[in-house]
Each structure stands twice: as C-alpha cells, then as structure tokens.
Amino acid sequence: MADYILLAQEAMGEVEVNNGRPVIGYDGPFIPTILQRPDGIEADFAALENFGVGEGEKYFGEDDA
C-alpha cells in the first residue's frame with residue numbers, strides 16, 4: 001500500500017520530503033500486522049474483513065485532529 005500511495009503522490013507532484021528523503025503522510029486505515037502492531041499485542045484478524053477501518057482506534061485511541 002505504501003508503494004502505491006508514494007507512486008500516486010509522485011504522479012500528482014505531491015511527494016513530501018524530509019531531510020532529502022521522500023515520506024508518506026498517510027492517515028487512512030491501520031492494518032495491524034506484525035510489523036506495525038504494538039509489542040505484546042496479539043494479532044486480531046478483523047482487518048481482513050474491515051480493511052483496517054477503525055483498527056487504529058483499538059490500538060492508539062481516537063484521533064483528535
């Protein structure tokens with residue numbers, strides 16, 4: 001997903017750069033894989049059905065932005 005987002009941002013001329021490196025500003029659904037899930041938290045495979053919508057709130061609380 002990150003590759004797709006970065007390619008789309010590049011195509012639209014919207015790549016963000018920090019210290020000379022491209023970064024992705026992403027605030028979409030959170031998919032809690034072993035790479036992103038907080039330590040000690042068991043896998044919850046609900047994201048396979050809901051595509052990650054609402055998953056971030058389970059792990060990190062509501063976003064007040």
Side-chain angles (χ1 to χ4, degrees):
M1 180 63 86
D3 293 330
Y4 183 81
I5 292 168
L6 187 57
L7 184 61
Q9 288 176 340
E10 186 177 2
M12 295 184 304
E14 298 176 0
V15 174
E16 296 178 39
V17 178
N18 185 359
N19 292 325
R21 298 182 184 268
V23 296
I24 296 176
Y26 176 72
D27 60 358
F30 174 71
I31 307 296
T33 69
I34 194 169
L35 298 175
Q36 294 92 357
R37 200 170 46 246
D39 291 340
I41 302 294
E42 292 292 321
D44 178 357
F45 300 108
L48 294 171
E49 296 178 13
N50 63 25
F51 299 101
V53 174
E55 293 293 309
E57 288 81 7
K58 286 192 220 176
Y59 297 94
F60 307 110
E62 293 290 326
D63 183 14
D64 294 332

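The basis for the numbers below is simple: all heavy atoms, side chains too, and nothing from hydrogens, waters or symmetry mates.
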Result block: side-chain N/O donor-acceptor pairs under 3.5 angstrom for residues 8-18, not counting sequence neighbours:
none

Connecting only ILVMFWY residues whose side-chain heavy atoms lie within less than 4.5 Å of each other, what is the rest of L48's hydrophobic cluster?
F45

Hydrophobic cluster (4.5 angstrom, side-chain heavy atoms) - remaining members for I34
L35

For N50, all residues meeting side chain to side chain donor-acceptor pair (under 3.5 Å), sequence neighbours excluded:
E55

So which heavy atom on P32 is nearest to which on R37, and how close?
O-NH1, 2.8 Å

Pairwise salt bridge (charged side-chain N to carboxylate O under 4.0 Å, His left out) hits with a residue in residues 39-52, at least two apart:
D44-K58

Between CG on residue L6 and CD1 on residue I24, distance to nearest 0.5 Å:
4.5 Å

